[in-house]
Amino acid sequence: MADRTAPVTGRWFQAESDPDAPTRLFLFHYAGSGASIYREWLPLLPADVSAQFIQLPGRQDRLKEQPFTEIEPLIEQLADEFEAELDDRPFAFFGHCMGSLLSYRLAEEIGRRGGPAPVLLGASAWAPVGFRTPPVEQLDVPEEEIVEWARGLGSLPEEILKDRQTLDMMMPTMRADLLVCASYQDDGAPVRCPIVSYSATKDPLVEPAAMASWAPRTPEYLGNRVFPGGHFFLHQETLSITADFVRLLRRQVSENG
């Protein structure tokens with residue numbers, strides 16, 4: 001298990017797409033994945049929004065690092081990294097599934113420390129109430145059962161499912177990320193920024209009324225956008241989601257300018 005004493009040496013932030021852009025957007029990946037899931041976003045973002053991907057330990061260019069298995073030390077470390085990374089530009093968060101959870105708790109932790117709030121938080125495929133997180137004891141199963149669970153969600157392409165070497169490399173990170181999600185205990189904490197949420201009609205992990213649980217957590221809930229598809233609708237609806245989120249982000253920046 002990674003904790004506050006574990007050496008964390010890799011890059012938490014991928015290079016900005018445009019360091020001169022007046023607004024920053026931080027993108028948080030889902031469990032078992034890495035920063036590269038957002039590569040299709042870059043050509044869709046306007047020149048005034050600079051994207052930066054969060055890369056957690058234990059994957060891709062940080063594969064040799066120990067992944068976190070509990071949410072509290074991960075959020076504390078993320079907040080430390082953000083304190084050193086942020087400048088005076090307005091910024092926004094967007095995350096999918098575990099990425100939504102992390103961006104929400106990071107916004108709360110930054111606020112608790114007296115830091116600046118995001119101008120907008122986009123929460124996709126996760127909600128603080130009504131998300132079916134596998135319990136910790138359910139994750140203490142053979143690798144084959146984790147693989148089948150991921151297959152059912154559509155999170156692993158068939159070419160990876162058939163590649164034993166790649167699976168063996170990915171599964172410790174997948175299991176660790178799921179443990180992070182399972183370790184979360186909701187406390188009803190609010191954040192100081194507007195929230196917009198995104199969900200899908202056939203997501204087996206999100207209950208139908210789950211996204212309404214965002215409303216009490218924010219001074220301004222901008223509603224939920226529903227798309228056809230399953231848990232990973234993010235990849236089929238990239239164009240629609242980015243267009244909607246950028247529209248709202250620009251509005252929030254203008255109102256806070």
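- Phe28 and Leu86 fall within the same hydrophobic cluster, defined by Ile, Leu, Val, Met, Phe, Trp and Tyr side-chain heavy atoms under 4.5 Å apart, directly or through other members.
- A search for side chain to side chain contact (heavy atoms under 4.5 Å, CB included) contacts involving Ala107 returns Phe93, Pro118, Leu121, Val191, not counting sequence neighbours.
- For Thr218, there are no side-chain hydrogen bond (donor to acceptor under 3.5 Å, both in side chains) partners, not counting sequence neighbours.
- Rounded to the nearest 0.5 angstrom, Leu234 CG and Cys97 SG are separated by 10.5 Å.
- Between Arg132 and Asp203, none of the side-chain N atoms (NZ, or NE/NH1/NH2) sits under 4.0 Å from a carboxylate O, so this pair counts as no salt bridge.
- Side-chain contact check for Phe53 versus Leu42: some heavy-atom pair is nearer than 4.5 Å.
- If you chain together hydrophobic residues whose side chains sit under 4.5 Å apart, Val129 and Trp214 never meet in one group.
- Partners of Tyr38 under the ring pair (Phe, Tyr, Trp, His ring centres under 6.0 Å) rule, at least two apart in sequence or in another chain, are Trp41.
- Counting only residues at least two apart or in different chains, ring-ring contact (aromatic ring centres under 6.0 Å, His included) contacts with residues 236-257 comprise Phe94-Phe245.
- Tyr221 and Ser197 share a side-chain donor-acceptor pair at under 3.5 Å.
- His29 NE2 to Leu56 CG: the interatomic distance, rounded to the nearest 0.5 Å, is 3.5 Å.
- Partner Asp80 forms a side chain to side chain contact (heavy atoms under 4.5 Å, CB included) with one of Arg113, Glu85, Glu109 and no other, that one being Arg113.
- With rounding to the nearest 0.5 Å, the separation of CG in Leu102 from CD1 in Ile54 is 9.5 Å.
- With sequence neighbours excluded, the residues forming a side chain to side chain contact (heavy atoms under 4.5 Å, CB included) with Ala189 are Tyr104, Arg105, Glu108, Asp187, listed by chain and number.
- Residues satisfying the side chain to side chain contact (heavy atoms under 4.5 Å, CB included) criterion with Glu255, sequence neighbours excluded, are Arg251, Gln252.
- Between Trp126 and Met98, every side-chain heavy-atom pair lies at or beyond the 4.5 Å cut-off.
- Placement of Ile241 and Leu222 within a single hydrophobic cluster is found when ILVMFWY residues are connected by side-chain heavy-atom separations under 4.5 Å, directly or transitively.
- Here the straight-line distance linking atom OG of Ser183 with atom CG of Leu178 works out to 11.0 Å at 0.5 Å rounding.
- Partners of Arg217 under the salt bridge (Lys or Arg N to Asp or Glu O under 4.0 Å) rule, at least two apart in sequence or in another chain, are Asp186.
- Here the straight-line distance linking atom CD1 of Ile71 with atom CG of Leu101 works out to 3.5 Å at 0.5 Å rounding.
- Residue pairs meeting the salt bridge (charged side-chain N to carboxylate O under 4.0 Å, His left out) criterion with at least one partner in residues 221-240, sequence neighbours excluded, are Arg225-Asp244.
- Applying the salt bridge (charged side-chain N to carboxylate O under 4.0 Å, His left out) test to every pair with at least one member in residues 12-22, sequence neighbours left out, gives these pairs: Glu16-Arg24, Glu16-Arg89.
- Within the structure, every pair that satisfies the salt bridge (charged side-chain N to carboxylate O under 4.0 Å, His left out) test and touches residues 37-60, not counting sequence neighbours, is listed here: Asp48-Arg250, Arg59-Asp177.
- The aromatic ring centroids of Tyr198 and Phe233 lie 6.0 Å or more from each other.
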Would you check, one step at a time, whether the test side chain to side chain contact (heavy atoms under 4.5 Å, CB included) holds for Phe227 with Ser240? CA-CA 9 Å; Phe227 295 92; Ser240 297; 3.7 Å; yes
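- Every residue two or more places apart in sequence or in another chain was checked for a side chain to side chain contact (heavy atoms under 4.5 Å, CB included) with Asp88, and none qualifies.
- Residues Leu45 and Ala51 approach most closely at CD1-CB, 3.5 Å, considering heavy atoms.
- The aromatic rings of Phe91 and Phe26 sit perpendicular to each other, their planes meeting at more than 60°, with 30° as the lower class boundary.
- In this structure, Thr242 OG1 and Leu249 CG are separated by 12.0 Å, a value rounded to the nearest 0.5 Å.
- Under the 4.5 Å side-chain criterion, counting only non-hydrogen atoms from C-beta, Leu27 is not in contact with Gln52.
- Every residue two or more places apart in sequence or in another chain that forms a side-chain hydrogen bond (donor to acceptor under 3.5 Å, both in side chains) with Gln60 is listed here: Ser36, Gln55.
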